[in-house]
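Structure record follows, encoded as structure tokens.
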Amino acid sequence: MGLKASRPGLAGHDDPAAAALCTRAAAGDQGAWDDIVERYAPMVWSICTRFRLSDRDLKDVAQNVWLLLVEQLGKLPEPAALVGWLAATTRRECLRVATASRRPEPPDAAVTGEEVIMAERNAALRAALAELPASCQPLVDMLVSDPPYSYAAISTALGIPVESIGPRRARCLERIRESSALRGLADIGGNRPGGDPGA
């Protein structure tokens, strides 16, 4: 199996953080491997679901992708292009299973650059949320829940005055914007998510 992404545009999504994670995981760092899976599993799963595989086939494909990565981790010629390698490998595995099952490939099964960028943004945002101090995490969790908690409910649950929730929210959002994870995304050409803290 080739190690470089087979579709143009995917291998160009070089992520220095991915390269560092690959190096650490290849050296046996379990935490780095866990970070790789947490960052990129949603993208792998998203690609798999576009092939309309059965639940069992979908799980098998995802598992095969991670097993292939374990085998190839120390051999990737471009560790910074991990996201492209994962996208291309996932698609190939889906095609293999779909072909074996004699299912036609869906016309929209190609992995788009936009999906790769979205996966990178989501991974960076999850990493940024993980960097928040303990005082911010429950507040942000309650604000982004669906539906979001009211300020009165937040005040009761967290024991903070209603009038201090807005300023604290603004400080927490600013910490997210300034996190090393989102700075890294900006460095590789992504857009930093999030709007005006007062929005």
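All of these numbers come straight from a predicted model, not from anything done at the bench.
- At least one side-chain heavy atom of Trp66 sits less than 4.5 Å from a side-chain heavy atom of Val44.
- Closest of all the heavy-atom pairs between Arg24 and Ala32 is CB-CB, 3.6 Å.
- For Thr49 (side chain) and Ser46 (main-chain N/O), a donor-acceptor pair under 3.5 Å exists by modelled atom type.
- The same ILVMFWY cluster, assembled from side-chain heavy atoms under 4.5 Å apart, contains both Leu73 and Val37.
- Glu71 places a side-chain heavy atom less than 4.5 Å from the side chain of Leu68.
- Put simply, the side chain of Phe51 does not reach to within 4.5 Å of the side chain of Leu58, judged on heavy atoms.
- Leu67 and Val97 are members of different hydrophobic clusters when ILVMFWY side chains are connected at heavy-atom separations under 4.5 Å.
- By the criterion of side-chain heavy atoms lying less than 4.5 angstrom apart, applied directly or through intervening Ile, Leu, Val, Met, Phe, Trp or Tyr residues, Ile176 is not grouped with Ile165; the two fall into different hydrophobic clusters.
- Closest heavy-atom contact between Glu93 and Val65: CG-CG2, 4.1 Å.
- Residues Ile160 and Ser155 come closest through the heavy atom pair O-OG, 2.6 Å.
- The structure places CH2 of Trp45 at 16.0 Å from CZ of Arg50, a figure rounded to the nearest 0.5 Å.
- Residues Glu174 and Arg171 are not paired through a salt bridge, judged by the lack of any N-O separation under 4.0 Å between the basic side chain and the carboxylate.
- Residues Ser164 and Pro161 come closest through the heavy atom pair OG-O, 2.9 Å.
- Both Trp85 and Trp33 belong to a single network of hydrophobic side chains, linked directly or stepwise wherever heavy atoms of I, L, V, M, F, W or Y lie under 4.5 Å apart.
- Between Cys94 and Cys48 the SG-SG gap reaches or exceeds 2.5 angstrom.
- In this structure, the side chains of Leu53 and Val61 come closer than 4.5 Å at one or more pairs of heavy atoms.
- In the displayed structure, Tyr151 atom OH is contacted under 6.0 Å by more than 12 heavy atoms of other residues, nucleotides or ligands.
- In this structure, the side chains of Gln72 and Lys75 come closer than 4.5 Å at one or more pairs of heavy atoms.
- Of all the heavy atoms in Met142 and Ala157, the pair that sits closest is CE-CB, 3.7 Å.
- In this structure, the side chains of Leu86 and Ile47 stay at 4.5 Å or more apart for every pair of heavy atoms.
- Residues Leu69 and Ile36 meet the side-chain proximity criterion, which asks for heavy atoms closer than 4.5 Å.
- When the shell of 6.0 Å around CZ of Arg175 is examined, it contains 12 or fewer heavy atoms from other residues, nucleotides or ligands.
- In this structure, the separation between CG on Asp35 and CZ on Arg39 is 8.0 Å, given to the nearest 0.5 Å.
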